[in-house]
Number of protein chains: 2
Amino acid sequence: MTTPRKPRGPYRKGLERRQQILRAALEVFSEHGERGSSLKEIADRVGMSQAGVLHYFDSREELLLAVLAERDALDVEATADVTSPGEAVARTAAHNARQRGLVDLFVTLSAAASDPEHPANAFFVRRYEALTESIEDGLRKAQERDTVRTDIRPDHMARMLLALSDGLQLQWLLNPGIDMSETIQAFNLMCLGPSGERDDATPETGSGDGA
Amino acid sequence: MTTPRKPRGPYRKGLERRQQILRAALEVFSEHGERGSSLKEIADRVGMSQAGVLHYFDSREELLLAVLAERDALDVEATADVTSPGEAVARTAAHNARQRGLVDLFVTLSAAASDPEHPANAFFVRRYEALTESIEDGLRKAQERDTVRTDIRPDHMARMLLALSDGLQLQWLLNPGIDMSETIQAFNLMCLGPSGERDDATPETGSGDGA
DNA sequence: GTCTATACCCGGATAGAC
DNA sequence: GTCTATCCGGGTATAGAC
(Lines give C-alpha, C1' and ligand atoms only; values in the text may rest on other atoms or scores of the structure.)
Protein backbone atom coordinates (compact mmCIF):
# COMPACT_ATOMS: atom_id res chain seq x y z
CA MET A 1 0.00 0.00 0.00
CA THR A 2 2.84 2.46 -0.63
CA THR A 3 1.64 3.81 -3.99
CA PRO A 4 4.90 3.42 -5.89
CA ARG A 5 5.63 6.38 -8.15
CA LYS A 6 6.24 4.38 -11.24
CA PRO A 7 6.82 0.68 -11.55
CA ARG A 8 10.07 -0.22 -13.17
CA GLY A 9 10.26 -1.91 -16.54
CA PRO A 10 9.73 -5.61 -16.03
CA TYR A 11 7.16 -5.02 -13.34
CA ARG A 12 5.11 -2.78 -15.55
CA LYS A 13 5.02 -5.29 -18.35
CA GLY A 14 3.66 -7.83 -15.93
CA LEU A 15 0.76 -5.59 -15.07
CA GLU A 16 -0.07 -5.08 -18.70
CA ARG A 17 -0.08 -8.79 -19.28
CA ARG A 18 -2.43 -9.26 -16.38
CA GLN A 19 -4.85 -6.78 -17.86
CA GLN A 20 -4.61 -8.46 -21.21
CA ILE A 21 -5.39 -11.84 -19.71
CA LEU A 22 -8.25 -10.35 -17.75
CA ARG A 23 -9.86 -8.96 -20.86
CA ALA A 24 -9.48 -12.23 -22.70
CA ALA A 25 -10.91 -14.14 -19.77
CA LEU A 26 -13.88 -11.78 -19.65
CA GLU A 27 -14.52 -12.54 -23.30
CA VAL A 28 -14.18 -16.27 -22.95
CA PHE A 29 -16.28 -16.56 -19.81
CA SER A 30 -18.85 -14.39 -21.54
CA GLU A 31 -19.07 -16.71 -24.46
CA HIS A 32 -19.13 -20.05 -22.71
CA GLY A 33 -20.08 -19.40 -19.13
CA GLU A 34 -17.86 -20.39 -16.25
CA ARG A 35 -17.86 -24.14 -16.43
CA GLY A 36 -17.65 -24.11 -20.20
CA SER A 37 -14.46 -22.08 -20.23
CA SER A 38 -10.91 -23.36 -19.95
CA LEU A 39 -7.60 -21.76 -19.21
CA LYS A 40 -6.43 -23.15 -22.50
CA GLU A 41 -8.85 -21.10 -24.52
CA ILE A 42 -8.11 -17.96 -22.59
CA ALA A 43 -4.43 -18.62 -23.12
CA ASP A 44 -4.93 -19.15 -26.83
CA ARG A 45 -6.78 -15.90 -27.16
CA VAL A 46 -4.05 -13.91 -25.51
CA GLY A 47 -1.43 -15.81 -27.48
CA MET A 48 0.32 -17.75 -24.80
CA SER A 49 0.21 -21.19 -23.21
CA GLN A 50 -2.03 -22.34 -20.45
CA ALA A 51 0.94 -22.54 -18.11
CA GLY A 52 1.82 -18.99 -19.00
CA VAL A 53 -1.55 -17.76 -17.80
CA LEU A 54 -1.12 -19.57 -14.52
CA HIS A 55 2.11 -17.68 -14.06
CA TYR A 56 -0.03 -14.58 -13.57
CA PHE A 57 -3.00 -15.91 -11.71
CA ASP A 58 -1.89 -19.07 -9.88
CA SER A 59 -5.27 -20.72 -10.19
CA ARG A 60 -8.30 -20.69 -12.36
CA GLU A 61 -10.45 -19.63 -9.44
CA GLU A 62 -8.36 -16.58 -8.76
CA LEU A 63 -8.79 -15.54 -12.36
CA LEU A 64 -12.52 -16.00 -12.22
CA LEU A 65 -12.88 -13.74 -9.23
CA ALA A 66 -10.70 -11.11 -10.85
CA VAL A 67 -12.94 -11.21 -13.92
CA LEU A 68 -16.04 -10.65 -11.83
CA ALA A 69 -14.56 -7.67 -10.10
CA GLU A 70 -13.56 -6.27 -13.47
CA ARG A 71 -17.02 -6.74 -14.91
CA ASP A 72 -18.52 -5.03 -11.94
CA ALA A 73 -16.29 -2.03 -12.43
CA LEU A 74 -17.40 -1.71 -16.03
CA ASP A 75 -21.01 -1.94 -14.89
CA VAL A 76 -20.63 0.91 -12.50
CA GLU A 77 -19.29 3.14 -15.24
CA ALA A 78 -22.22 2.35 -17.51
CA THR A 79 -24.87 3.26 -14.96
CA ALA A 80 -23.22 6.39 -13.66
CA ASP A 81 -25.70 8.90 -15.14
CA VAL A 82 -28.87 7.27 -13.85
CA THR A 83 -32.09 9.07 -13.14
CA SER A 84 -34.77 6.93 -11.44
CA PRO A 85 -34.14 3.30 -10.41
CA GLY A 86 -36.74 1.99 -12.79
CA GLU A 87 -35.27 3.93 -15.68
CA ALA A 88 -31.80 2.74 -14.79
CA VAL A 89 -32.88 -0.88 -14.89
CA ALA A 90 -34.71 -0.40 -18.18
CA ARG A 91 -31.67 1.30 -19.65
CA THR A 92 -29.37 -1.46 -18.54
CA ALA A 93 -31.71 -4.00 -20.06
CA ALA A 94 -31.56 -2.20 -23.38
CA HIS A 95 -27.81 -2.12 -23.17
CA ASN A 96 -27.54 -5.79 -22.27
CA ALA A 97 -29.61 -6.77 -25.27
CA ARG A 98 -26.52 -6.04 -27.30
CA GLN A 99 -24.20 -8.20 -25.22
CA ARG A 100 -25.53 -11.71 -25.27
CA GLY A 101 -22.30 -13.20 -23.99
CA LEU A 102 -22.25 -11.07 -20.90
CA VAL A 103 -25.86 -11.75 -20.14
CA ASP A 104 -25.18 -15.43 -20.42
CA LEU A 105 -22.16 -15.22 -18.15
CA PHE A 106 -24.11 -13.36 -15.57
CA VAL A 107 -27.19 -15.57 -15.61
CA THR A 108 -25.18 -18.76 -15.60
CA LEU A 109 -22.69 -17.70 -13.03
CA SER A 110 -25.09 -16.13 -10.58
CA ALA A 111 -27.09 -19.34 -10.68
CA ALA A 112 -24.04 -21.50 -10.14
CA ALA A 113 -22.78 -19.17 -7.42
CA SER A 114 -25.94 -19.61 -5.42
CA ASP A 115 -24.21 -22.67 -4.02
CA PRO A 116 -22.52 -21.45 -0.82
CA GLU A 117 -19.44 -23.48 -1.72
CA HIS A 118 -18.97 -21.73 -5.04
CA PRO A 119 -15.94 -19.43 -5.18
CA ALA A 120 -18.07 -16.53 -6.38
CA ASN A 121 -20.82 -16.93 -3.82
CA ALA A 122 -19.73 -14.09 -1.55
CA PHE A 123 -19.34 -11.83 -4.53
CA PHE A 124 -22.93 -12.29 -5.64
CA VAL A 125 -24.42 -12.18 -2.19
CA ARG A 126 -22.80 -8.83 -1.59
CA ARG A 127 -23.72 -7.61 -5.03
CA TYR A 128 -27.41 -8.20 -4.53
CA GLU A 129 -27.35 -6.72 -1.09
CA ALA A 130 -25.82 -3.54 -2.41
CA LEU A 131 -28.05 -3.29 -5.45
CA THR A 132 -31.24 -3.86 -3.50
CA GLU A 133 -30.34 -1.26 -0.96
CA SER A 134 -29.42 1.33 -3.53
CA ILE A 135 -32.60 0.82 -5.55
CA GLU A 136 -34.67 0.84 -2.40
CA ASP A 137 -33.24 4.21 -1.45
CA GLY A 138 -34.05 5.66 -4.83
CA LEU A 139 -37.60 4.38 -4.64
CA ARG A 140 -38.15 5.72 -1.16
CA LYS A 141 -37.14 9.17 -2.27
CA ALA A 142 -39.42 8.91 -5.28
CA GLN A 143 -42.24 7.97 -2.96
CA GLU A 144 -41.62 11.09 -0.92
CA ARG A 145 -41.91 13.15 -4.08
CA ASP A 146 -45.08 11.20 -4.91
CA THR A 147 -43.50 10.00 -8.14
CA VAL A 148 -44.01 6.39 -7.13
CA ARG A 149 -47.03 4.77 -5.51
CA THR A 150 -46.80 4.57 -1.76
CA ASP A 151 -48.91 1.50 -1.08
CA ILE A 152 -46.12 -0.96 -1.86
CA ARG A 153 -43.06 -1.36 0.32
CA PRO A 154 -39.95 0.01 -1.34
CA ASP A 155 -37.91 -3.06 -0.48
CA HIS A 156 -40.48 -5.21 -2.22
CA MET A 157 -40.42 -3.03 -5.29
CA ALA A 158 -36.65 -3.02 -5.32
CA ARG A 159 -36.49 -6.81 -5.26
CA MET A 160 -39.14 -6.92 -7.94
CA LEU A 161 -37.10 -4.72 -10.21
CA LEU A 162 -34.02 -6.85 -9.78
CA ALA A 163 -35.94 -10.08 -10.19
CA LEU A 164 -37.67 -8.72 -13.23
CA SER A 165 -34.37 -7.78 -14.76
CA ASP A 166 -32.79 -11.17 -14.12
CA GLY A 167 -35.83 -13.15 -15.10
CA LEU A 168 -36.28 -11.26 -18.33
CA GLN A 169 -32.66 -11.84 -19.21
CA LEU A 170 -33.29 -15.55 -18.96
CA GLN A 171 -36.42 -15.34 -21.07
CA TRP A 172 -34.58 -13.25 -23.60
CA LEU A 173 -31.75 -15.74 -23.84
CA LEU A 174 -34.27 -18.45 -24.58
CA ASN A 175 -36.21 -16.27 -26.98
CA PRO A 176 -34.40 -13.19 -28.27
CA GLY A 177 -37.66 -11.95 -29.75
CA ILE A 178 -38.91 -10.56 -26.48
CA ASP A 179 -38.25 -6.95 -25.58
CA MET A 180 -36.77 -6.67 -22.13
CA SER A 181 -36.81 -2.96 -21.68
CA GLU A 182 -40.31 -2.55 -23.03
CA THR A 183 -41.52 -4.96 -20.39
CA ILE A 184 -39.62 -3.15 -17.69
CA GLN A 185 -41.13 0.11 -18.82
CA ALA A 186 -44.56 -1.44 -18.45
CA PHE A 187 -43.62 -2.35 -14.91
CA ASN A 188 -42.48 1.18 -14.27
CA LEU A 189 -45.89 2.34 -15.37
CA MET A 190 -47.43 0.14 -12.72
CA CYS A 191 -45.25 1.82 -10.12
CA LEU A 192 -46.38 5.29 -10.99
CA GLY A 193 -47.70 8.10 -8.92
CA PRO A 194 -50.10 8.34 -6.02
CA SER A 195 -52.86 5.80 -6.46
CA GLY A 196 -55.60 8.18 -7.51
CA GLU A 197 -53.58 10.13 -10.05
CA ARG A 198 -53.90 7.74 -12.93
CA ASP A 199 -57.06 7.15 -14.93
CA ASP A 200 -57.84 4.38 -17.28
CA ALA A 201 -55.84 5.36 -20.33
CA THR A 202 -52.40 6.46 -19.24
CA PRO A 203 -50.39 7.79 -22.16
CA GLU A 204 -46.82 6.67 -22.75
CA THR A 205 -44.45 8.08 -20.21
CA GLY A 206 -41.87 10.34 -21.84
CA SER A 207 -38.35 8.96 -21.75
CA GLY A 208 -38.89 6.07 -24.12
CA ASP A 209 -35.30 5.67 -25.18
CA GLY A 210 -35.62 3.17 -28.01
CA ALA A 211 -35.20 -0.23 -26.39
CA MET B 1 -48.89 -47.94 -28.31
CA THR B 2 -50.72 -51.23 -27.75
CA THR B 3 -51.16 -50.94 -23.98
CA PRO B 4 -49.88 -54.40 -23.05
CA ARG B 5 -52.00 -56.04 -20.37
CA LYS B 6 -49.20 -56.84 -18.04
CA PRO B 7 -45.50 -56.90 -18.81
CA ARG B 8 -43.89 -60.21 -18.10
CA GLY B 9 -41.42 -60.60 -15.25
CA PRO B 10 -38.03 -59.43 -16.47
CA TYR B 11 -39.57 -56.59 -18.44
CA ARG B 12 -41.38 -55.23 -15.43
CA LYS B 13 -38.28 -55.25 -13.29
CA GLY B 14 -36.53 -53.16 -15.90
CA LEU B 15 -39.20 -50.50 -15.71
CA GLU B 16 -38.93 -50.34 -11.96
CA ARG B 17 -35.19 -49.90 -12.21
CA ARG B 18 -35.67 -47.07 -14.65
CA GLN B 19 -37.97 -45.28 -12.24
CA GLN B 20 -35.53 -45.82 -9.44
CA ILE B 21 -32.70 -44.33 -11.45
CA LEU B 22 -34.89 -41.44 -12.48
CA ARG B 23 -35.65 -40.56 -8.90
CA ALA B 24 -32.01 -40.77 -7.92
CA ALA B 25 -31.01 -38.61 -10.86
CA LEU B 26 -33.61 -36.03 -9.93
CA GLU B 27 -32.09 -35.87 -6.47
CA VAL B 28 -28.54 -35.63 -7.66
CA PHE B 29 -29.19 -33.06 -10.35
CA SER B 30 -31.15 -31.11 -7.77
CA GLU B 31 -28.26 -31.05 -5.40
CA HIS B 32 -25.42 -30.26 -7.76
CA GLY B 33 -26.96 -28.83 -10.90
CA GLU B 34 -26.42 -30.44 -14.24
CA ARG B 35 -22.73 -29.95 -14.81
CA GLY B 36 -21.92 -30.76 -11.23
CA SER B 37 -23.57 -34.16 -11.39
CA SER B 38 -22.03 -37.39 -12.59
CA LEU B 39 -23.42 -40.73 -13.59
CA LYS B 40 -21.19 -42.22 -10.96
CA GLU B 41 -22.95 -40.45 -8.14
CA ILE B 42 -26.37 -41.32 -9.48
CA ALA B 43 -25.24 -44.90 -9.82
CA ASP B 44 -23.88 -44.95 -6.28
CA ARG B 45 -27.13 -43.63 -4.92
CA VAL B 46 -29.16 -46.33 -6.60
CA GLY B 47 -26.59 -48.93 -5.63
CA MET B 48 -25.16 -49.93 -8.95
CA SER B 49 -22.25 -49.12 -11.20
CA GLN B 50 -21.99 -46.29 -13.69
CA ALA B 51 -22.09 -48.77 -16.53
CA GLY B 52 -25.21 -50.27 -15.06
CA VAL B 53 -27.02 -46.96 -15.27
CA LEU B 54 -26.00 -46.59 -18.89
CA HIS B 55 -27.64 -49.93 -19.54
CA TYR B 56 -30.97 -48.19 -18.94
CA PHE B 57 -30.39 -44.78 -20.44
CA ASP B 58 -27.67 -45.14 -23.07
CA SER B 59 -26.30 -41.67 -22.48
CA ARG B 60 -26.13 -39.09 -19.83
CA GLU B 61 -28.01 -36.65 -21.98
CA GLU B 62 -30.93 -39.01 -22.40
CA LEU B 63 -31.16 -39.32 -18.64
CA LEU B 64 -31.09 -35.58 -18.19
CA LEU B 65 -34.00 -35.06 -20.53
CA ALA B 66 -35.96 -37.81 -18.85
CA VAL B 67 -35.42 -36.09 -15.52
CA LEU B 68 -36.72 -32.81 -16.84
CA ALA B 69 -39.84 -34.40 -18.20
CA GLU B 70 -40.37 -36.10 -14.86
CA ARG B 71 -39.96 -32.87 -12.94
CA ASP B 72 -42.39 -31.17 -15.22
CA ALA B 73 -44.98 -33.84 -14.61
CA LEU B 74 -44.67 -33.35 -10.86
CA ASP B 75 -45.04 -29.62 -11.37
CA VAL B 76 -48.27 -30.02 -13.25
CA GLU B 77 -49.77 -32.05 -10.44
CA ALA B 78 -48.86 -29.43 -7.87
CA THR B 79 -50.53 -26.55 -9.71
CA ALA B 80 -53.67 -28.40 -10.72
CA ASP B 81 -56.07 -26.56 -8.43
CA VAL B 82 -55.05 -23.02 -9.36
CA THR B 83 -57.27 -19.99 -9.16
CA SER B 84 -55.76 -16.80 -10.67
CA PRO B 85 -52.39 -16.79 -12.43
CA GLY B 86 -50.87 -14.48 -9.85
CA GLU B 87 -52.05 -16.67 -7.02
CA ALA B 88 -50.74 -19.74 -8.75
CA VAL B 89 -47.29 -18.23 -9.05
CA ALA B 90 -47.31 -17.07 -5.45
CA ARG B 91 -48.37 -20.50 -4.33
CA THR B 92 -45.67 -22.21 -6.32
CA ALA B 93 -43.11 -19.85 -4.84
CA ALA B 94 -44.21 -20.78 -1.35
CA HIS B 95 -43.96 -24.43 -2.26
CA ASN B 96 -40.53 -24.05 -3.82
CA ALA B 97 -39.18 -22.42 -0.70
CA ARG B 98 -39.19 -25.92 0.78
CA GLN B 99 -37.27 -27.51 -2.07
CA ARG B 100 -33.95 -25.77 -2.37
CA GLY B 101 -32.43 -28.50 -4.47
CA LEU B 102 -35.11 -28.31 -7.09
CA VAL B 103 -34.96 -24.54 -7.25
CA ASP B 104 -31.24 -24.77 -7.74
CA LEU B 105 -31.60 -27.34 -10.50
CA PHE B 106 -34.11 -25.25 -12.28
CA VAL B 107 -32.26 -21.96 -12.03
CA THR B 108 -28.95 -23.50 -13.00
CA LEU B 109 -30.26 -25.61 -15.79
CA SER B 110 -32.49 -23.05 -17.40
CA ALA B 111 -29.54 -20.70 -17.49
CA ALA B 112 -27.26 -23.30 -19.00
CA ALA B 113 -29.95 -24.37 -21.44
CA SER B 114 -30.21 -20.88 -22.85
CA ASP B 115 -27.36 -21.94 -25.09
CA PRO B 116 -29.03 -23.21 -28.28
CA GLU B 117 -26.58 -26.11 -28.36
CA HIS B 118 -27.59 -27.34 -24.94
CA PRO B 119 -29.50 -30.63 -24.97
CA ALA B 120 -32.30 -29.14 -22.89
CA ASN B 121 -32.68 -25.96 -24.90
CA ALA B 122 -35.78 -27.02 -26.78
CA PHE B 123 -37.36 -28.20 -23.58
CA PHE B 124 -37.02 -24.83 -21.90
CA VAL B 125 -37.97 -22.80 -24.95
CA ARG B 126 -41.19 -24.74 -25.22
CA ARG B 127 -41.77 -24.57 -21.51
CA TYR B 128 -41.66 -20.81 -21.39
CA GLU B 129 -43.79 -20.47 -24.47
CA ALA B 130 -46.47 -22.63 -22.95
CA LEU B 131 -46.32 -21.00 -19.53
CA THR B 132 -46.45 -17.48 -20.91
CA GLU B 133 -49.40 -18.27 -23.07
CA SER B 134 -51.35 -19.94 -20.32
CA ILE B 135 -50.75 -17.12 -17.85
CA GLU B 136 -51.58 -14.55 -20.49
CA ASP B 137 -54.92 -16.23 -21.10
CA GLY B 138 -55.76 -16.21 -17.44
CA LEU B 139 -54.89 -12.54 -17.15
CA ARG B 140 -56.91 -11.58 -20.17
CA LYS B 141 -59.96 -13.21 -18.70
CA ALA B 142 -59.36 -11.46 -15.40
CA GLN B 143 -59.16 -8.17 -17.26
CA GLU B 144 -62.52 -8.85 -18.81
CA ARG B 145 -63.94 -9.40 -15.35
CA ASP B 146 -62.18 -6.16 -14.27
CA THR B 147 -60.26 -8.11 -11.67
CA VAL B 148 -56.97 -6.97 -13.16
CA ARG B 149 -56.00 -3.52 -14.41
CA THR B 150 -56.49 -3.09 -18.12
CA ASP B 151 -53.84 -0.49 -18.89
CA ILE B 152 -51.02 -3.03 -19.11
CA ARG B 153 -50.77 -5.59 -21.87
CA PRO B 154 -51.47 -9.10 -20.63
CA ASP B 155 -48.46 -10.53 -22.41
CA HIS B 156 -46.26 -8.05 -20.59
CA MET B 157 -47.81 -8.92 -17.27
CA ALA B 158 -47.43 -12.62 -17.97
CA ARG B 159 -43.74 -12.25 -18.71
CA MET B 160 -43.37 -10.12 -15.62
CA LEU B 161 -44.87 -12.80 -13.45
CA LEU B 162 -42.58 -15.45 -14.82
CA ALA B 163 -39.53 -13.23 -14.62
CA LEU B 164 -40.43 -12.24 -11.11
CA SER B 165 -40.73 -15.84 -10.11
CA ASP B 166 -37.39 -16.83 -11.64
CA GLY B 167 -35.55 -13.77 -10.43
CA LEU B 168 -36.81 -14.14 -6.91
CA GLN B 169 -35.72 -17.74 -6.86
CA LEU B 170 -32.21 -16.61 -7.63
CA GLN B 171 -32.30 -13.94 -4.94
CA TRP B 172 -33.66 -16.46 -2.51
CA LEU B 173 -30.91 -18.94 -3.25
CA LEU B 174 -28.38 -16.25 -2.51
CA ASN B 175 -30.22 -15.06 0.56
CA PRO B 176 -32.80 -17.47 1.99
CA GLY B 177 -34.06 -14.71 4.27
CA ILE B 178 -36.16 -13.08 1.58
CA ASP B 179 -39.79 -14.05 1.24
CA MET B 180 -40.59 -14.93 -2.35
CA SER B 181 -44.32 -15.31 -2.13
CA GLU B 182 -44.79 -12.18 -0.06
CA THR B 183 -43.07 -10.22 -2.80
CA ILE B 184 -45.19 -11.84 -5.46
CA GLN B 185 -48.29 -11.00 -3.50
CA ALA B 186 -47.18 -7.39 -3.47
CA PHE B 187 -46.88 -7.57 -7.22
CA ASN B 188 -50.36 -9.03 -7.46
CA LEU B 189 -51.59 -6.04 -5.52
CA MET B 190 -50.12 -3.80 -8.17
CA CYS B 191 -52.06 -5.69 -10.82
CA LEU B 192 -55.39 -5.18 -9.15
CA GLY B 193 -58.68 -3.97 -10.44
CA PRO B 194 -59.71 -1.17 -12.74
CA SER B 195 -57.43 1.76 -12.15
CA GLY B 196 -59.83 3.91 -10.16
CA GLU B 197 -61.05 1.19 -7.83
CA ARG B 198 -58.19 1.30 -5.39
CA ASP B 199 -57.53 4.10 -2.92
CA ASP B 200 -54.45 4.83 -0.98
CA ALA B 201 -54.63 2.23 1.72
CA THR B 202 -55.58 -1.11 0.19
CA PRO B 203 -55.99 -3.76 2.88
CA GLU B 204 -54.33 -7.13 2.54
CA THR B 205 -55.94 -9.24 -0.11
CA GLY B 206 -57.54 -12.31 1.40
CA SER B 207 -55.82 -15.52 0.40
CA GLY B 208 -52.58 -15.01 2.29
CA ASP B 209 -51.66 -18.66 2.51
CA GLY B 210 -48.69 -18.43 4.85
CA ALA B 211 -45.66 -18.28 2.61
C1' DG C 1 8.56 -14.84 -18.34
C1' DT C 2 7.24 -18.23 -21.19
C1' DC C 3 7.26 -22.72 -23.15
C1' DT C 4 6.85 -27.99 -23.44
C1' DA C 5 6.03 -31.93 -21.20
C1' DT C 6 3.86 -34.41 -17.98
C1' DA C 7 1.40 -35.96 -13.87
C1' DC C 8 -2.93 -36.43 -12.22
C1' DC C 9 -7.85 -36.58 -11.86
C1' DC C 10 -12.49 -37.12 -13.40
C1' DG C 11 -16.01 -37.79 -16.60
C1' DG C 12 -18.48 -40.60 -20.29
C1' DA C 13 -18.77 -44.47 -23.15
C1' DT C 14 -17.56 -49.20 -24.75
C1' DA C 15 -16.14 -54.27 -24.53
C1' DG C 16 -16.44 -58.37 -22.59
C1' DA C 17 -16.78 -61.54 -18.54
C1' DC C 18 -20.14 -63.52 -15.48
C1' DG D 1 -28.75 -57.22 -16.14
C1' DT D 2 -24.86 -56.03 -14.00
C1' DC D 3 -20.02 -55.67 -13.16
C1' DT D 4 -14.96 -54.75 -14.06
C1' DA D 5 -11.72 -53.06 -16.89
C1' DT D 6 -10.37 -50.02 -20.21
C1' DC D 7 -10.11 -46.30 -23.51
C1' DC D 8 -10.45 -41.68 -24.50
C1' DG D 9 -11.04 -36.97 -23.90
C1' DG D 10 -10.64 -32.80 -21.23
C1' DG D 11 -9.40 -30.21 -17.49
C1' DT D 12 -5.87 -28.08 -13.82
C1' DA D 13 -1.63 -27.75 -11.97
C1' DT D 14 3.40 -28.58 -11.65
C1' DA D 15 8.41 -29.32 -13.15
C1' DG D 16 11.96 -28.03 -15.59
C1' DA D 17 14.21 -26.38 -19.87
C1' DC D 18 15.24 -22.11 -22.35
Side-chain angles (χ1 to χ4, degrees), chain A residues 7-25 27-68 105 108-109 112 115 117-120, chain B residues 7-25 27-68 105 108-109 112 115 117-120:
Chain A
R8 278 185 321 256
Y11 187 59
R12 175 167 142 266
K13 180 172 173 204
L15 290 182
E16 275 167 9
R17 267 291 199 214
R18 259 186 83 98
Q19 270 305 116
Q20 204 183 341
I21 293 171
L22 221 46
R23 274 195 304 271
E27 277 180 32
V28 172
F29 282 127
S30 299
E31 287 166 24
H32 310 310
E34 187 232 331
R35 277 210 156 101
S37 305
S38 69
L39 291 179
K40 172 92 167 47
E41 181 168 0
I42 293 166
D44 285 352
R45 198 158 311 199
V46 72
M48 62 204 281
S49 74
Q50 180 249 26
V53 168
L54 284 184
H55 178 71
Y56 288 91
F57 283 93
D58 280 20
S59 80
R60 185 191 132 99
E61 179 177 324
E62 198 184 309
L63 177 54
L64 171 64
L65 290 172
V67 163
L68 286 178
L105 171 66
T108 305
L109 202 55
D115 176 352
E117 302 304 315
H118 193 284
Chain B
R8 276 184 324 255
Y11 188 58
R12 175 168 141 265
K13 178 173 174 201
L15 289 183
E16 274 169 9
R17 266 292 198 211
R18 257 187 84 97
Q19 270 304 118
Q20 203 182 341
I21 292 171
L22 221 46
R23 274 196 304 271
E27 276 180 32
V28 172
F29 281 127
S30 299
E31 286 167 24
H32 309 311
E34 187 232 332
R35 277 210 156 101
S37 305
S38 69
L39 290 179
K40 173 90 167 47
E41 182 168 358
I42 293 166
D44 284 353
R45 200 160 308 202
V46 72
M48 62 204 280
S49 74
Q50 181 248 27
V53 169
L54 283 183
H55 178 71
Y56 289 91
F57 283 93
D58 279 19
S59 79
R60 185 192 132 100
E61 178 177 323
E62 199 184 308
L63 177 53
L64 171 64
L65 290 172
V67 163
L68 286 178
L105 171 66
T108 305
L109 203 54
D115 177 351
E117 303 304 315
H118 193 283

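Here is the naming used below: chain letters follow the sequence lines, and residue numbers restart at 1 for every chain.
Of the candidates dT12(D), dG1(C), dA13(C), dT12(D) carries the atom nearest the L39(A) side chain, counting heavy atoms from C-beta on. Proximity note for H55(B) (side chain, C-beta onward) versus dG1(D), dA13(D), dT14(C): the nearest is dG1(D). Set against dT14(D), dT2(C), dT14(C), the side chain of L54(A) has dT14(D) as its closest nucleotide.
Atom pair D44(B):CG and dT2(D):C1' shows a separation of 15 Å (rounding to whole Å applied). A straight line from CZ of F57(A) to P of dT12(D) spans 15 Å, rounded to a whole angstrom. Atom CD in E61(A) sits roughly 15 Å away from atom C1' in dG11(D) (whole-Å rounding). Nucleotide dA13(D) holds its C1' atom 13 Å from the CD atom of E62(A), rounded to whole Å. Nucleotide dA13(C) holds its C1' atom 18 Å from the OH atom of Y56(B), rounded to whole Å. dT2(D) atom C1' lies 15 Å from atom NZ of K40(B), rounded to whole Å. Atom CD in E41(A) sits about 13 Å away from atom C1' in dG10(D), given to the nearest Å. If you measure from atom CG of D58(B) to atom C1' of dT14(C), you get 12 Å, rounded to the nearest angstrom.
The shortest side-chain heavy-atom distance between L64(A) and H118(A) falls under the 4.5 Å cut-off. By the 4.5 Å heavy-atom criterion applied to side chains, I42(A) and F29(A) are counted as neighbours. Between T108(B) and D115(A), the closest side-chain pair of non-hydrogen atoms is not below 4.5 Å.
Residue E34(A) holds its CD atom at 13.5 Å from NE2 of H32(A), rounded to the nearest 0.5 Å.
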Within the sub-3.5 Å range, which N or O atoms of nucleotides 3-6 of chain C have a protein N or O partner, and how far apart are they?
residue : atom : partner : partner atom : Å
dC3(C)  : OP1  : S49(A)  : N            : 3.4
dC3(C)  : OP2  : S49(A)  : N            : 2.7
dC3(C)  : OP2  : S49(A)  : OG           : 3.0

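Contacts classified as salt bridge (Lys or Arg N to Asp or Glu O under 4.0 Å) and involving residues 36-58 of chain A (residues at least two apart or in different chains) are given here: E27(A)-R45(A), E31(A)-R45(A), K40(A)-D44(A), E41(A)-R45(A).
Minimum interatomic distance between Y56(A) and M48(A) (heavy atoms only, all atoms of both residues): CE1-CE, 3.8 Å.
DNA chain C is contacted by no residue of residues 27-36 of chain B, taking any non-hydrogen atom closer than 4.0 Å.
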